[in-house]
Protein chains: 2
Amino acid sequence: MPLKVRKNKSPSPPPPCMLSHCMAVISGAWAANVIWSLRAGPRRFNELRTDIPPISAKVLSARLSELEQRGVLSRNVQPTSPPSVEYALTDLGGELVPALEAIVEVGHRLKMRDDG
Amino acid sequence: MPLKVRKNKSPSPPPPCMLSHCMAVISGAWAANVIWSLRAGPRRFNELRTDIPPISAKVLSARLSELEQRGVLSRNVQPTSPPSVEYALTDLGGELVPALEAIVEVGHRLKMRDDG
DNA sequence: CAGGATCCCGCTCGATACTG
DNA sequence: CAGTATCGAGCGGGATCCTG
(Lines give C-alpha, C1' and ligand atoms only; values in the text may rest on other atoms or scores of the structure.)
Protein backbone atom coordinates (compact mmCIF):
# COMPACT_ATOMS: atom_id res chain seq x y z
CA MET A 1 0.00 0.00 0.00
CA PRO A 2 1.73 3.09 -1.22
CA LEU A 3 -0.36 5.81 0.26
CA LYS A 4 0.44 4.80 3.76
CA VAL A 5 2.93 2.31 4.98
CA ARG A 6 2.06 1.10 8.39
CA LYS A 7 1.98 -2.65 8.04
CA ASN A 8 5.27 -4.21 9.03
CA LYS A 9 4.15 -7.36 7.36
CA SER A 10 4.62 -5.70 3.99
CA PRO A 11 7.26 -7.86 2.36
CA SER A 12 7.55 -5.83 -0.82
CA PRO A 13 10.38 -3.34 -1.22
CA PRO A 14 9.32 0.28 -0.95
CA PRO A 15 8.63 1.86 -4.33
CA PRO A 16 11.58 3.99 -5.37
CA CYS A 17 9.52 6.84 -6.60
CA MET A 18 8.37 9.24 -3.98
CA LEU A 19 5.05 9.89 -5.59
CA SER A 20 3.44 7.56 -3.14
CA HIS A 21 4.53 9.48 -0.12
CA CYS A 22 3.57 12.75 -1.71
CA MET A 23 0.16 11.56 -2.73
CA ALA A 24 -0.44 10.56 0.86
CA VAL A 25 -0.91 14.23 1.58
CA ILE A 26 -4.22 14.17 -0.24
CA SER A 27 -5.03 10.58 0.59
CA GLY A 28 -8.16 9.51 2.32
CA ALA A 29 -11.51 10.28 0.87
CA TRP A 30 -11.77 13.81 2.16
CA ALA A 31 -8.37 15.45 2.46
CA ALA A 32 -8.66 17.13 -0.90
CA ASN A 33 -12.07 18.50 -0.02
CA VAL A 34 -10.74 19.96 3.19
CA ILE A 35 -7.93 21.74 1.40
CA TRP A 36 -10.42 22.85 -1.19
CA SER A 37 -12.71 24.34 1.42
CA LEU A 38 -9.84 26.15 3.06
CA ARG A 39 -8.50 27.68 -0.11
CA ALA A 40 -10.61 30.83 0.31
CA GLY A 41 -9.53 31.39 3.89
CA PRO A 42 -9.69 30.01 7.43
CA ARG A 43 -12.68 27.96 8.47
CA ARG A 44 -14.01 26.54 11.69
CA PHE A 45 -14.75 22.93 12.40
CA ASN A 46 -18.48 23.06 11.84
CA GLU A 47 -18.10 25.32 8.86
CA LEU A 48 -16.05 22.60 7.26
CA ARG A 49 -18.73 20.08 8.13
CA THR A 50 -21.24 22.32 6.39
CA ASP A 51 -18.98 22.75 3.40
CA ILE A 52 -18.62 19.02 3.00
CA PRO A 53 -22.01 17.68 4.06
CA PRO A 54 -21.52 13.92 3.96
CA ILE A 55 -18.38 13.90 6.07
CA SER A 56 -18.67 12.58 9.60
CA ALA A 57 -17.19 14.44 12.54
CA LYS A 58 -14.88 11.60 13.33
CA VAL A 59 -13.33 11.49 9.90
CA LEU A 60 -13.12 15.24 9.57
CA SER A 61 -11.32 15.33 12.87
CA ALA A 62 -8.97 12.59 11.79
CA ARG A 63 -8.14 14.25 8.48
CA LEU A 64 -7.59 17.62 10.13
CA SER A 65 -5.16 16.09 12.61
CA GLU A 66 -3.34 14.33 9.86
CA LEU A 67 -3.08 17.40 7.67
CA GLU A 68 -1.95 19.50 10.59
CA GLN A 69 0.73 17.02 11.49
CA ARG A 70 1.95 16.97 7.91
CA GLY A 71 2.24 20.74 7.88
CA VAL A 72 -0.51 21.31 5.34
CA LEU A 73 -2.71 23.32 7.65
CA SER A 74 -2.57 25.09 10.99
CA ARG A 75 -4.91 24.92 13.94
CA ASN A 76 -5.74 27.99 16.03
CA VAL A 77 -7.77 27.61 19.19
CA GLN A 78 -9.68 30.72 20.24
CA PRO A 79 -10.28 30.70 24.01
CA THR A 80 -13.76 32.15 23.63
CA SER A 81 -16.75 31.16 25.70
CA PRO A 82 -17.95 28.61 23.21
CA PRO A 83 -14.56 27.33 22.18
CA SER A 84 -13.90 27.78 18.50
CA VAL A 85 -11.06 26.47 16.42
CA GLU A 86 -9.88 27.93 13.17
CA TYR A 87 -8.15 25.89 10.52
CA ALA A 88 -6.12 27.52 7.79
CA LEU A 89 -3.77 26.39 5.07
CA THR A 90 -0.08 26.88 5.65
CA ASP A 91 2.13 28.26 2.90
CA LEU A 92 2.96 24.81 1.68
CA GLY A 93 -0.63 23.73 1.97
CA GLY A 94 -1.63 26.67 -0.16
CA GLU A 95 0.66 25.49 -2.88
CA LEU A 96 -1.46 22.39 -3.25
CA VAL A 97 -4.42 24.47 -4.35
CA PRO A 98 -3.22 25.16 -7.91
CA ALA A 99 -2.52 21.47 -8.32
CA LEU A 100 -6.02 20.58 -7.20
CA GLU A 101 -7.43 23.22 -9.49
CA ALA A 102 -5.56 21.67 -12.38
CA ILE A 103 -6.94 18.26 -11.56
CA VAL A 104 -10.44 19.66 -11.30
CA GLU A 105 -10.01 21.33 -14.66
CA VAL A 106 -8.96 18.10 -16.32
CA GLY A 107 -11.59 16.11 -14.48
CA HIS A 108 -14.22 18.52 -15.66
CA ARG A 109 -13.25 18.10 -19.29
CA LEU A 110 -13.09 14.34 -18.88
CA LYS A 111 -16.62 14.42 -17.58
CA MET A 112 -17.85 16.55 -20.43
CA ARG A 113 -16.29 14.06 -22.78
CA ASP A 114 -18.08 11.21 -20.98
CA ASP A 115 -21.51 12.76 -20.83
CA GLY A 116 -21.26 13.62 -24.48
CA MET B 1 -18.19 8.68 -0.11
CA PRO B 2 -17.18 11.39 -2.48
CA LEU B 3 -14.68 9.64 -4.63
CA LYS B 4 -17.20 7.21 -5.90
CA VAL B 5 -20.91 7.20 -5.47
CA ARG B 6 -22.28 3.75 -5.87
CA LYS B 7 -24.30 3.17 -2.74
CA ASN B 8 -27.93 4.05 -3.20
CA LYS B 9 -28.33 3.96 0.53
CA SER B 10 -26.42 7.22 0.77
CA PRO B 11 -29.02 9.56 2.22
CA SER B 12 -26.83 12.65 2.16
CA PRO B 13 -27.18 15.16 -0.65
CA PRO B 14 -24.38 15.13 -3.18
CA PRO B 15 -21.67 17.67 -2.45
CA PRO B 16 -22.14 20.72 -4.64
CA CYS B 17 -18.50 21.08 -5.47
CA MET B 18 -17.33 18.91 -8.29
CA LEU B 19 -13.96 18.33 -6.74
CA SER B 20 -15.08 14.92 -5.64
CA HIS B 21 -15.84 13.68 -9.10
CA CYS B 22 -12.63 15.10 -10.44
CA MET B 23 -10.52 13.58 -7.73
CA ALA B 24 -12.02 10.23 -8.60
CA VAL B 25 -9.73 10.21 -11.61
CA ILE B 26 -6.73 9.69 -9.39
CA SER B 27 -8.59 7.76 -6.72
CA GLY B 28 -7.69 4.29 -5.67
CA ALA B 29 -4.32 3.57 -4.25
CA TRP B 30 -2.50 3.25 -7.54
CA ALA B 31 -4.05 5.40 -10.24
CA ALA B 32 -1.62 8.24 -9.67
CA ASN B 33 1.32 5.86 -9.87
CA VAL B 34 0.07 4.50 -13.17
CA ILE B 35 -0.22 7.97 -14.66
CA TRP B 36 3.18 8.76 -13.22
CA SER B 37 4.75 5.74 -14.86
CA LEU B 38 3.20 6.59 -18.17
CA ARG B 39 4.31 10.19 -18.21
CA ALA B 40 7.55 9.38 -20.02
CA GLY B 41 5.82 7.39 -22.74
CA PRO B 42 3.82 4.24 -23.47
CA ARG B 43 4.35 1.18 -21.31
CA ARG B 44 3.28 -2.43 -21.44
CA PHE B 45 1.38 -4.26 -18.75
CA ASN B 46 4.31 -6.02 -17.18
CA GLU B 47 6.48 -2.96 -17.46
CA LEU B 48 3.97 -1.16 -15.32
CA ARG B 49 4.06 -4.00 -12.84
CA THR B 50 7.80 -3.62 -12.68
CA ASP B 51 7.54 0.13 -12.31
CA ILE B 52 5.19 -0.20 -9.38
CA PRO B 53 6.40 -3.32 -7.62
CA PRO B 54 3.83 -3.86 -4.88
CA ILE B 55 0.82 -3.67 -7.17
CA SER B 56 -1.04 -6.87 -7.93
CA ALA B 57 -2.01 -7.85 -11.44
CA LYS B 58 -5.64 -7.76 -10.57
CA VAL B 59 -5.61 -4.23 -9.26
CA LEU B 60 -3.38 -2.95 -12.02
CA SER B 61 -5.80 -4.43 -14.50
CA ALA B 62 -8.73 -2.85 -12.73
CA ARG B 63 -7.12 0.59 -12.58
CA LEU B 64 -6.08 0.45 -16.21
CA SER B 65 -9.63 -0.38 -17.27
CA GLU B 66 -11.00 2.41 -15.17
CA LEU B 67 -8.54 4.98 -16.45
CA GLU B 68 -9.14 3.88 -20.00
CA GLN B 69 -12.87 4.20 -19.59
CA ARG B 70 -12.47 7.67 -18.13
CA GLY B 71 -10.40 8.73 -21.11
CA VAL B 72 -7.18 9.22 -19.19
CA LEU B 73 -5.25 6.59 -21.08
CA SER B 74 -5.50 4.54 -24.26
CA ARG B 75 -4.98 0.85 -24.82
CA ASN B 76 -3.31 -0.48 -27.96
CA VAL B 77 -3.22 -4.20 -28.59
CA GLN B 78 -0.37 -5.37 -30.80
CA PRO B 79 -1.28 -8.63 -32.56
CA THR B 80 2.23 -10.01 -32.19
CA SER B 81 3.02 -13.62 -31.44
CA PRO B 82 3.25 -13.06 -27.73
CA PRO B 83 0.41 -10.60 -27.44
CA SER B 84 1.53 -7.26 -26.12
CA VAL B 85 -0.56 -4.31 -25.05
CA GLU B 86 0.64 -0.75 -24.86
CA TYR B 87 -0.86 1.79 -22.54
CA ALA B 88 -0.34 5.49 -23.10
CA LEU B 89 -1.72 8.70 -21.71
CA THR B 90 -4.28 10.54 -23.78
CA ASP B 91 -4.04 14.29 -24.23
CA LEU B 92 -6.24 14.91 -21.25
CA GLY B 93 -4.43 12.32 -19.24
CA GLY B 94 -1.19 14.05 -20.02
CA GLU B 95 -2.54 17.23 -18.55
CA LEU B 96 -2.73 15.54 -15.19
CA VAL B 97 1.04 15.13 -15.12
CA PRO B 98 1.89 18.74 -14.26
CA ALA B 99 -0.64 18.62 -11.46
CA LEU B 100 0.91 15.46 -10.06
CA GLU B 101 4.34 17.01 -10.38
CA ALA B 102 3.16 19.99 -8.39
CA ILE B 103 1.81 17.74 -5.67
CA VAL B 104 5.05 15.79 -5.60
CA GLU B 105 6.99 19.03 -5.31
CA VAL B 106 4.95 20.17 -2.34
CA GLY B 107 4.98 16.73 -0.80
CA HIS B 108 8.73 16.65 -1.07
CA ARG B 109 9.13 19.91 0.77
CA LEU B 110 6.64 18.81 3.39
CA LYS B 111 8.71 15.72 3.95
CA MET B 112 11.93 17.68 4.25
CA ARG B 113 10.21 19.85 6.83
CA ASP B 114 9.14 16.72 8.71
CA ASP B 115 12.45 14.94 8.72
CA GLY B 116 14.15 18.15 9.69
C1' DC C 1 -18.92 24.16 19.59
C1' DA C 2 -15.15 20.79 18.99
C1' DG C 3 -14.01 16.21 18.99
C1' DG C 4 -13.02 11.46 21.28
C1' DA C 5 -14.85 6.35 21.81
C1' DT C 6 -17.09 2.59 20.12
C1' DC C 7 -19.25 -0.62 16.81
C1' DC C 8 -20.02 -2.16 12.36
C1' DC C 9 -19.91 -2.28 7.37
C1' DG C 10 -18.03 -2.62 2.70
C1' DC C 11 -14.79 -1.43 -0.53
C1' DT C 12 -10.09 -1.99 -2.06
C1' DC C 13 -6.41 -4.56 -2.23
C1' DG C 14 -3.12 -8.88 -2.10
C1' DA C 15 -2.24 -13.88 -2.98
C1' DT C 16 -3.01 -17.57 -5.62
C1' DA C 17 -4.60 -20.22 -9.39
C1' DC C 18 -6.12 -20.37 -13.97
C1' DT C 19 -7.02 -18.98 -19.14
C1' DG C 20 -6.11 -17.29 -24.10
C1' DC D 1 2.54 -12.07 -22.15
C1' DA D 2 -1.82 -10.22 -20.55
C1' DG D 3 -5.02 -10.72 -18.18
C1' DT D 4 -9.52 -13.02 -15.21
C1' DA D 5 -11.63 -15.69 -11.00
C1' DT D 6 -11.95 -16.53 -6.42
C1' DC D 7 -10.89 -15.92 -1.64
C1' DG D 8 -9.93 -13.56 2.28
C1' DA D 9 -8.00 -9.60 5.10
C1' DG D 10 -7.64 -4.83 6.60
C1' DC D 11 -8.38 -0.10 6.63
C1' DG D 12 -11.20 3.77 5.84
C1' DG D 13 -15.32 5.38 6.78
C1' DG D 14 -20.46 6.14 8.80
C1' DA D 15 -23.60 6.24 12.81
C1' DT D 16 -24.20 6.95 17.32
C1' DC D 17 -23.12 8.26 21.87
C1' DC D 18 -20.53 10.95 25.03
C1' DT D 19 -17.23 14.68 26.98
C1' DG D 20 -15.04 19.47 27.86
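As the structure is a computational prediction, the values presented were derived from the model and not from experiment. Atoms considered below: every heavy atom in the structure, side chains included; atoms not considered: hydrogens, waters and symmetry mates. Reminder, nothing fancy here: chain letters follow the sequence lines and each chain counts from 1.
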- Message: In whole Å, I'd like the distance from the CG atom of B:L60 to the P atom of D:dG3.
- Response: 8 Å
- Compare the minimum distances between each of D:dG3, C:dG3, C:dG14 and the side chain of B:I55, then state the nucleotide with the smallest one. C:dG14
- Task: Write down the distance between CG (A:L67) and P (C:dG3), rounded to a whole number of angstrom.
- Result: 13 Å
- Message: Is there a side chain to side chain contact (heavy atoms under 4.5 Å, CB included) between A:L100 and B:M23? Walk through the geometry before answering.
- Response: CA-CA 8 Å; A:L100 291 182; B:M23 287 300 297; 4.0 Å; yes
- Query: Nearest of C:dG14, D:dG14, D:dC1 to any side-chain atom of B:P83?
  - Reply: D:dC1
- Task: Whole angstrom is fine here: how far is it from CD in A:E86 over to C1' in C:dA2?
- Result: 14 Å
- Message: Is there a side-chain contact between A:R44 and the phosphate of C:dA2, meaning an N or O under 4.0 Å from OP1 or OP2?
- Response: yes
- Query: Would you say A:D114 has more than 12 foreign heavy atoms packed within less than 6.0 Å of its CG?
  - Reply: yes
- Message: Taking only side-chain N and O atoms of A:Y87, does any of them lie within less than 4.0 angstrom of OP1 or OP2 on C:dC1?
- Response: no
Donor-acceptor contacts, no H, no angles, side chain residues 103-110 of chain A, under 3.5 Å, sequence neighbours left out:
{"from": "A:E105", "atom 1": "OE2", "to": "A:R109", "atom 2": "NE", "distance (Å)": "3.3"}
{"from": "A:R109", "atom 1": "NH2", "to": "B:E95", "atom 2": "OE1", "distance (Å)": "2.3"}

With the criterion being N/O to N/O and under 3.5 Å, what pairs connect the protein with nucleotides 4-8 of chain D, and how long is each?
{"from": "D:dT4", "atom 1": "OP2", "to": "B:S61", "atom 2": "OG", "distance (Å)": "2.4"}
{"from": "D:dC7", "atom 1": "N4", "to": "B:K58", "atom 2": "NZ", "distance (Å)": "3.4"}

- Item | Touch class at under 4.0 angstrom, heavy-atom based, for B:R75 against every strand present | sugar-phosphate
- Residues B:L38, B:L48; criterion side chain to side chain contact (heavy atoms under 4.5 Å, CB included); working and verdict: CA-CA 8 Å; B:L38 287 175; B:L48 289 172; 4.1 Å; yes
- Task: Name the closest nucleotide to the A:R63 side chain, picking from D:dC1, D:dG12, C:dG3.
- Result: D:dG12
- Message: If I take atom CD in residue A:E66 and atom P in nucleotide C:dG4, what distance separates them, rounded to the nearest angstrom?
- Response: 13 Å
- Item | Point-to-point distance, once rounded to the nearest 0.5 Å, from OG1 of A:T90 to CZ of A:R70 | 13.0 Å
- Query: Between B:S37 and B:R43, which heavy-atom pair has the shortest distance, and what is it?
  - Reply: O-CG, 3.8 Å
